[in-house]
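To start, the structure itself, in structure tokens.
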Amino acid sequence: MKEIHAILLSLLCLSGAEAFAQDARQLIEENPLRAAGALHAYEPLDTLFSAAPKGYEPFYISHFGRHGSRYHSSEKKFSVIETLKAYKEKGLLTPEGDNVLTDLIAVFEASDGKFGALTQRGAREHKNIARRMATHYPAVFSKHKKIIAISTVKQRVQDSRDSFLAELTRLYPALEIASFLENENKKFDGAHQEVRGFSPLPEEKEYLATVSTAQARKHWTDSLDTSRLLGRWFTNTSGVSKSIVSSVYNAGCIRQTMDEEQLPWIEKYYLPRELFYIWCASDITWFNSSCISEENRGIMAHRSGGGILAMIVRDADKAIQDGDIAAHLRFSHDVKLMPLLAAMGVEGADYTGPMEMAPEKMFSFQNICTAGNVQLVFYRNIAGSILVKILKNEQEVRIPALPCETAPYYPWETLRSYFLSR
């Protein structure tokens, strides 16, 4: 606790921050795997939803999801193995340090030849999300036939989409599926924008290049005491970079996305507080690159996230008008899901202050874990009034900036106007 207090007391003009920091740390203490942030495997937190207002029945779902659990994107993620091998050749690794190296090699070998690919767990994550969606909203899929699914061209994203659709059609064989890739604009107008939004303008890219996270990250990484681990891994720590502690974790944490039972868990070497501070640095990077901060002017949230949000509104309007579309399903990446959540302003992604405070306000493992998703479920009554419920990773969420007596059920016209203003 002294470590947390020392950090928070240095933050000026802020109150109540201690509670937020404790929340993040406690969540990682409860489940150390959450420290992997965007690589944290989906937690299937099925929920009991609040009852819809009387007389309203679901009729349409708008879904945007990240691909499921995957292997590391490239073998470069395991470059720390060569560093540890060099120390071993010099006789500088302790028995525990040698165990760390052995464990990393095991995870690497299980990944070799599969870099960037969806794991079996990743496919299962999407299958289970689809099953829960169909279970919770049978009226959507039994009364409406058309499904429109769009994905990026990455194979892991296509495989995620296919796993999702296979489960839906297993449960509802009569569904009519129309699948598109982002580069098939001739077949589906705006397919690219559906899953990626807009790119920043040249002058915006130029500005973003000037925004540095170094100072904000340093604020947290300086609190990471690496002496315990370095002392346990090396016979002589002179000249050993502190960064190796984070590098080892960032390489080995991918194990949680795999099913192989024999693979070791790198988290066993770390204390929760060490994982917390490692996570803080990555969380700041995510916040700066994808959310709305005082420093980044919200460029990616408004361009990428706002572009996707515009298509969500357009597609919903069409589904309401046509009356035969059960769902629009979009499959993309974490770098698109996070800006979308920020553009929507949903709780947990609505913080807009300085990036240094991001680890106390925006938790990457809750927003963009593997298979992370946002769903808009549309309800209608016999009079034609439409309400919309927002789910983030299958949990009901609200929009703090949009007060509503019926939240988490929002009148569509109110929500639509708010989204377009974003």
Side-chain angles (χ1 to χ4, degrees), residues 42-65 126 128-149 164 167-168 171-172 174-175 309 311-330 337 340-341 343-350 366-367 371-422:
Y42 195 74
E43 293 186 54
L45 301 174
D46 207 1
T47 184
L48 293 175
F49 296 136
S50 61
K54 186 177 180 180
Y56 284 85
E57 183 178 81
F59 69 95
Y60 166 70
I61 296 175
S62 181
H63 168 94
F64 188 99
H126 279 278
N128 291 340
I129 292 170
R131 187 187 68 253
R132 289 190 291 268
M133 179 187 287
T135 300
H136 286 305
Y137 310 105
V140 172
F141 302 100
S142 60
K143 296 182 180 180
H144 308 279
K145 300 300 183 185
K146 292 184 179 179
I147 299 287
I148 299 175
F164 196 107
E167 183 65 8
L168 271 187
L171 296 169
Y172 292 94
L175 289 175
L309 192 53
M311 299 303 275
I312 288 175
V313 171
R314 186 197 75 163
D315 294 342
D317 286 343
K318 180 174 175 55
I320 293 169
Q321 180 180 355
D322 291 356
D324 61 349
I325 300 175
H328 279 90
L329 308 174
R330 305 166 191 84
L337 175 58
L340 172 60
L341 293 172
M344 293 173 69
V346 299
E347 54 187 332
D350 60 314
Q366 289 185 335
N367 287 305
N373 59 85
V374 61
Q375 299 173 12
L376 278 67
V377 185
F378 287 67
Y379 292 73
R380 184 164 46 199
N381 65 8
I382 195 169
S385 174
I386 297 175
L387 297 177
V388 180
K389 177 174 68 175
I390 303 174
L391 305 175
K392 182 178 72 175
N393 296 335
E394 303 177 83
Q395 306 296 298
E396 291 180 349
V397 290
R398 291 166 170 76
I399 297 177
L402 190 63
C404 177
E405 292 183 359
T406 58
Y409 296 86
Y410 292 86
W412 171 233
E413 286 305 316
T414 300
L415 191 61
R416 184 182 187 279
S417 297
Y418 169 79
F419 282 164
L420 292 178
S421 75
R422 304 284 286 182

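The figures here come from the full heavy-atom set of this structure, side chains too, leaving out hydrogens, waters and symmetry mates.
- Between the side chain of R422 and the backbone N or O of A343, at least one donor-acceptor pair lies under 3.5 Å.
- L376 contributes atom CG, which lies 8.5 Å from atom OH of Y60 (distance to the nearest 0.5 angstrom).
- The environment of NZ in K143 is sparse: at most 12 heavy-atom neighbours from other residues, nucleotides or ligands sit within 6.0 Å.
- Here the side chain of Y410 pairs no donor or acceptor atom with the backbone of R416 at under 3.5 angstrom.
- Separation of atoms CZ (F141) and CD1 (I61) is listed at 4.0 Å; rounding is to 0.5 Å.
- There is a side-chain donor-acceptor pair under 3.5 Å between E396 and S50.
- Within the 3.5 Å criterion, the main-chain N or O of G323 finds a donor-acceptor partner in the side chain of H144.
- Comment: K146 does not engage D322 in a salt bridge, judged by the lack of any side-chain N to carboxylate O separation of less than 4.0 angstrom.
- Checked by atom type, the side-chain pair N373/Y42 shows a donor-acceptor distance below 3.5 Å.
- Here CD1 of I148 is found 4.5 Å from CD1 of I325. Values are rounded to the nearest 0.5 Å.
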Inset, instruction - Decide yes or no on side chain to side chain contact (heavy atoms under 4.5 Å, CB included) for L337 and N367, but give the supporting numbers first. - result: CA-CA 8 Å; L337 175 58; N367 287 305; over 6 Å; no
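- Using bins of under 30°, 30° to 60° and over 60° for the plane-to-plane angle, the ring pair H63/F164 lands in the tilted bin.
- The closest donor-acceptor contact from the side chain of D350 to the backbone of G348 lies under 3.5 Å.
- At distances below 3.5 Å, not a single donor-acceptor pair connects side-chain atoms of K389 with backbone N or O atoms of Y379.
- The CG atom of L387 lies 8.0 Å from the SG atom of C404; values are rounded to the nearest 0.5 Å.
- Remark: the backbone N or O of E57 is not paired with any side-chain donor or acceptor of N381 at under 3.5 angstrom.
- Geometrically, R330 does not engage F64 in a cation-pi contact, judged by NZ or CZ lying under 6.0 Å from the ring centre and within 45° of the ring axis.
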